[in-house]
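Both ligands and their constituent atoms are indexed starting at 1 by order of listing. What you are looking at is a predicted structure, and each value in this text was computed from that prediction instead of being measured.
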Amino acid sequence: MIIAIDGPAAAGKGTLARRISAHYGLPYLDTGALYRAVGLAMRLAGNDLTDEETAARVARDLDLALLEHPDLRSAQAGEAASRVAAMAGVRAALLDVQRDFARQPGGAVLDGRDIGTVVCPQADIKLFVTASPQERARRRWLELRERGEEAGFDDILAQVMARDARDKARAEAPLRPAQDAHLLDTSKLDIEAAFREARRIIGAHHQAGSGRRG
Ligand code: C5P
């Protein structure tokens, strides 16, 4: 079973994906971390973030140790990620590793922006997780504060909205729900309620599948 989870920044995809992965015993890939690693590598090397040729080369030769870098989850790495993620060469370089991961026996859970539309259009279940920009900015603000990064709420809200706008407007694999995605608005849901709702959707899909087979 392949479960694709997409949605805008800080909608709660990662937390939900980890819970789903543990519950169903499926391996989990945070695909945003790959783009963050490319963005971070570009920043660390002092490269120009608009240099597509270099960014694509960095993505092809991605140093996986960067996935453990303490700054991977920083606001700067997120910003750099969304810049390099708009580049066709970067997306192409990261596509196979994501598809290979999804192809594991038994399936996998992947979260990102284009899993249900581009990486795994054949996914068994597609969830599109959203929340209001204010709620997402609040969550990101709390997350950054826990990491010891002080930032004003208004700045975070502006960053979240700018990142969404860039992710939606880009020509390559823009952020949008797949036609067959289940929308899950977590604005008023805590993680337990969101997880319950996701399990209900996955369970309903299973029942429909066994009904069809029977
Ligand atoms: O999910 P996360 O905030 O870590 O993603 C960082 C950035 O990586 C996103 O803003 C987006 O531009 C990019 N991304 C993407 N496609 C994915 C996952 C992430 O374009 N599948």
Side-chain angles (χ1 to χ4, degrees), residues 2-18 21 28-43 49-50 52 55-56 58-59 62 66-102 108-121 123 126-131 133 135-144 147 149 151 156-178 181 184 186:
I2 297 177
I3 303 180
I5 305 180
D6 290 304
K13 301 183 298 291
T15 313
L16 190 60
R18 272 186 286 275
S21 138
Y28 163 55
L29 181 66
D30 166 7
T31 67
L34 300 174
Y35 291 93
R36 282 174 178 268
V38 176
L40 186 60
M42 291 289 283
R43 280 181 64 99
L49 281 175
T50 63
E52 177 157 1
V58 166
L62 190 60
L66 284 170
L67 295 174
E68 307 300 325
H69 194 285
D71 292 341
L72 190 75
R73 314 249 36 112
S74 68
Q76 287 78 10
E79 169 74 12
S82 94
R83 289 181 184 278
V84 296
M87 300 170 175
V90 169
R91 303 204 73 85
L94 297 179
L95 193 55
D96 282 349
V97 60
Q98 297 175 77
R99 286 194 171 150
D100 288 348
F101 189 91
V109 179
L110 290 85
D111 77 11
R113 302 291 188 287
D114 63 337
I115 309 303
T117 51
V118 175
V119 178
C120 301
K126 299 178 186 177
L127 300 176
F128 194 84
V129 183
T130 60
E135 178 56 22
R136 292 187 287 118
R138 192 186 67 84
R139 292 177 191 166
R140 185 49 51 94
W141 180 77
L142 284 172
E143 187 188 321
L144 290 175
R147 288 172 30 88
E149 273 187 58
I156 305 249
L157 179 60
Q159 273 169 21
V160 161
M161 292 180 72
R163 198 131 75 81
D164 289 353
R166 194 180 298 129
D167 289 349
K168 284 184 193 162
R170 69 184 177 214
E172 295 294 324
L175 168 67
R176 63 174 177 81
L184 183 51
T186 67

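For Arg91, a nitrogen or oxygen atom sits less than 3.5 Å from a nitrogen or oxygen atom of ligand 1, counting backbone and side chain alike. Checked by distance only, ligand 1 and Asp111 stay at 3.5 Å or farther apart across all their nitrogen or oxygen atoms. Any N or O atom pair closer than 3.5 Å counts here, and Asp167 shares at least one such pair with ligand 1. Residue Arg113 places at least one N or O, backbone or side chain, under 3.5 Å from an N or O of ligand 1.
For the residue pair Ala173 and Val118, the shortest heavy atom distance occurs at CB-CG2, 3.9 Å. Taking both residues in full, the closest heavy atoms of Arg136 and Val160 are given as NH1-CG1, 3.5 Å, listed atom of the first, atom of the second, then distance.
Of all the listed residues (Ala85, Ala9, Gly7), Ala85 holds the heavy atom that lies closest to atom 13 (C) of ligand 1.
Closest protein heavy atom to atom 18 (C) of ligand 1: Thr31 OG1, 3.4 Å. Taking atom 4 (O) of ligand 1 as the reference point, the nearest protein heavy-atom neighbour is Arg36 NE, 2.6 Å. When hydrogens are left out, the protein atom nearest atom 8 (O) of ligand 1 is Tyr35 CB, 3.5 Å; that is the closest non-hydrogen contact.
Interatomic distance, OG of Ser21 versus CG of Asp111, reported as 10.5 Å (0.5 Å rounding). Taking SG of Cys120 as the reference point, atom CD1 of Ile2 lies at 5.0 Å (rounded to 0.5 Å). Residue Leu144 holds its CG atom at 7.5 Å from CD of Gln159, rounded to the nearest 0.5 Å. Atom OG1 of residue Thr50 and atom CE of residue Met42 lie 8.0 Å apart, to the nearest 0.5 angstrom.
Residue contact annotation: Arg170 has a non-hydrogen atom under 4.0 Å from ligand 1.
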Could you list the donor-acceptor pairs under 3.5 angstrom formed by side chains in residues 86-94, with sequence neighbours left out?
residue: Arg91; atom: NH1; partner: Ala85; partner atom: O; Å: 2.7
residue: Arg91; atom: NH2; partner: Tyr35; partner atom: OH; Å: 3.2
residue: Arg91; atom: NH2; partner: Asp114; partner atom: OD1; Å: 3.4
residue: Arg91; atom: NH2; partner: Asp114; partner atom: OD2; Å: 3.0

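Each of Ile5, Thr117, Leu175 was compared with Phe128 under the side chain to side chain contact (heavy atoms under 4.5 Å, CB included) criterion, and only Leu175 meets it. Among Arg166, Arg163, Arg113, Arg36, the one residue that satisfies the side chain to side chain donor-acceptor pair (under 3.5 Å) test with Ser82 is Arg166.
The atoms of ligand 1 that sit less than 4.0 Å from any heavy atom of Gly112 are 17 (C), 18 (C), 21 (N). Atoms of ligand 1 lying under 4.0 Å from at least one heavy atom of Arg73, given by number and element, are 4 (O). Distances below 4.0 Å separate heavy atoms of Ala81 from the following atoms of ligand 1: 6 (C), 7 (C), 8 (O). Contact atoms of ligand 1 toward Arg163: 3 (O), 5 (O), 6 (C), 7 (C), 9 (C), 10 (O) (distance under 4.0 Å to a heavy atom of the residue).
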